[in-house]
Amino acid sequence: MNDKITVCLGKGGQREMAESFARKNNVPIMDKPGEHLTVMFDSRGVSLTGYGLTYQGDFEGMLHRVTNGRLSHEMLVRAVKTEGEYLKAIDATAGMGEDGFLLAAYGYEVTLYEQNPVIAALLKDALRRARKHPVLKDIASRMKLVEGDSVSCMEKLMDPVDVIYLDPMFPKRQKSGLINKKLQLIQKLEPPCSEEKDLFDAAIKAGPSRIIVKRPLKSVCLDGREPSYILKGKAIRYDCYVM
């Protein structure tokens, strides 16, 4: 855990949640936000503040992407589109869960792996609020968060899975003026993945029907492995491996 992170219990915040998080991660609870990054527990839920920025996970902002027939146009959905019932997916690089949300909206039962405890706390709170939303609740009910290392989690996987999704984060950080406040804060918590080969190997060993990898449009293939097919967008692409 970043030693510059603090926890702040604000008005209306869940003291038990704040104390549990602080104890688990050996960080102090302060009366006001710290100088760097602060995990804030208040009446709104859990948020991350620091460097003049504040971010809170919120799936409600994705409603426009999954309603009125728009879901079928999402590149990720087109990449994983599979016939059948009771489909299961793993998002091995969950982050704030947006891609996992798209998979769940399509109908997958999605298990989200997230190792960073701060990001996991933000995602857990976003899922909690989504499960109370009249439209989001059905989608969120198909999403299960597991806090832990993806490689270890996939090695212990017992049940068969249809899709494993990997987004190891873009290898080069963009200038802060070009990215939104969520990424500016999260990049301070979690650098781009440097263990791409281990991640891909663990996904292959887990034996899914296919693996979907999100990549920058002009980057090399993950671990140099050629995909079965590729879906390209303007800035990103999805490398699809049929196993």
Side-chain angles (χ1 to χ4, degrees), residues 62 65-66 71-84 87-116 119-120 123 142-146 148-157 159-174 179 182-183 186-187 190-243:
M62 296 187 67
R65 297 177 64 179
V66 300
L71 181 62
S72 61
H73 298 289
E74 290 284 343
M75 281 181 61
L76 177 56
V77 169
R78 287 161 48 203
V80 302
K81 202 167 185 178
T82 306
E83 299 297 328
L87 296 171
K88 293 183 179 181
I90 288 173
D91 182 348
T93 48
M96 283 310 303
E98 291 99 333
D99 291 327
F101 181 83
L102 294 175
L103 295 176
Y106 181 65
Y108 280 86
E109 295 284 340
V110 184
T111 300
L112 305 121
Y113 295 148
E114 177 52 52
Q115 182 175 10
N116 186 282
I119 297 174
L123 178 52
R142 292 192 288 274
M143 300 171 69
K144 179 179 73 173
L145 173 62
V146 175
D149 174 67
S150 296
V151 173
S152 297
C153 289
M154 285 189 283
E155 287 176 348
K156 297 172 184 175
L157 193 66
D159 297 326
V161 63
D162 299 286
V163 169
I164 293 180
Y165 173 66
L166 306 176
D167 175 12
M169 300 179 68
F170 291 178
K172 293 184 179 179
R173 296 186 181 196
Q174 296 169 290
I179 58 176
K182 178 196 77 171
L183 289 181
I186 287 181
Q187 282 186 348
E190 192 169 65
C193 177
S194 60
E195 304 298 332
E196 294 183 341
K197 185 179 187 304
D198 291 344
L199 190 65
F200 203 8
D201 285 345
I204 292 171
K205 290 176 182 176
S209 299
R210 67 181 72 184
I211 298 171
I212 309 296
V213 183
K214 183 178 182 180
R215 301 295 286 165
L217 186 60
K218 296 181 180 181
S219 70
V220 298
C221 297
L222 184 59
D223 195 32
R225 306 189 198 202
E226 290 296 323
S228 305
Y229 59 97
I230 299 173
L231 270 68
K232 292 183 178 181
K234 292 181 179 179
I236 65 166
R237 69 173 195 266
Y238 289 99
D239 292 350
C240 308
Y241 300 81
V242 178
M243 312 307 290

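Predicted model, so just to flag it, every value in this text is computed and none were measured.
With contacts defined as side-chain heavy-atom distances shorter than 4.5 Å, the pair Val146/Cys153 qualifies. Using a 4.5 Å heavy-atom threshold, the side chains of Leu71 and Arg65 count as separate. Here the side chains of Ile164 and Met154 are in contact, with some heavy-atom distance below 4.5 Å. Inter-residue side-chain proximity for Glu155 and Leu157 is flagged as unmet; no heavy-atom pair is nearer than 4.5 Å.
At least one donor-acceptor pair under 3.5 Å links the side chain of Arg237 to the backbone N or O of Pro216. In this structure, the side chain of Arg210 does not engage the main chain of Tyr241 through any donor-acceptor pair within 3.5 Å. Distance alone, capped at 3.5 Å, is enough to place a donor-acceptor pair between the Tyr108 side chain and the Val80 backbone. Judged by distance alone, the side chain of Glu109 and the main-chain N or O of Lys88 form no donor-acceptor pair under 3.5 Å. Between the Tyr229 side chain and the Ala79 main chain, a donor and an acceptor come within less than 3.5 Å of each other. Ser228 contributes a side-chain N or O that, together with a main-chain N or O of Val242, makes up a donor-acceptor pair within less than 3.5 Å.
Taking every heavy atom of both residues into account, Val110 and Ala104 meet most closely at CG2-N, 3.6 Å. The shortest non-hydrogen separation linking Ala120 to Leu145 is O-CD2, 3.5 Å. Among all heavy-atom pairs drawn from Ala105 and Val66, the shortest one is CB-CG1, 3.7 Å. Residue Lys232 comes nearest to Met75 through the heavy atom pair C-CE, 3.5 Å, listed as atom of the first residue, atom of the second, then distance. In terms of heavy atoms, Leu222 sits closest to Pro168 at CD1-CG, 4.4 Å.
The CG atom of Leu123 lies 11.5 Å from the CG atom of Asn116; values are rounded to the nearest 0.5 Å. Note that CG of Leu231 is 5.5 Å distant from SG of Cys240, once rounded to the nearest 0.5 Å. In this structure, CG on Leu103 lies 12.0 Å from CD on Glu98, to the nearest 0.5 angstrom. Note that CZ of Arg215 and OH of Tyr238 are 13.0 Å apart. Values are rounded to the nearest 0.5 Å. With rounding to the nearest 0.5 Å, the separation of OG in Ser152 from CG in Asp198 is 10.0 Å.
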Side-chain donor-acceptor contacts of residues 199-209 below 3.5 Å, not counting sequence neighbours, with atom names and distances?
from	atom 1	to	atom 2	distance (Å)
Asp201	OD1	Arg225	NH2	2.3
Asp201	OD2	Lys197	NZ	2.8

### Task
Apply the test side-chain contact (heavy atoms from CB on, under 4.5 Å) to residues Glu74 and Tyr106: give CA-CA distance (whole Å), side-chain angles for both, the deciding distance (0.1 Å), then the verdict.
CA-CA 10 Å; Glu74 290 284 343; Tyr106 181 65; over 6 Å; no
### Task
List the steps, then state whether side-chain contact (heavy atoms from CB on, under 4.5 Å) holds for Ile212 with Leu166.
CA-CA 6 Å; Ile212 309 296; Leu166 306 176; over 6 Å; no
### Message
Using side-chain contact (heavy atoms from CB on, under 4.5 Å), reason through Leu102 and Met62 one step at a time and then give a plain yes or no.
### Response
CA-CA 9 Å; Leu102 294 175; Met62 296 187 67; 3.9 Å; yes
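With 3.5 Å as the limit, one finds a donor-acceptor pair spanning the side chains of Tyr165 and Asp99.
Checked against Lys214 for a side chain to side chain contact (heavy atoms under 4.5 Å, CB included), the options Leu76, Thr93, Ile236 give a single hit: Ile236.
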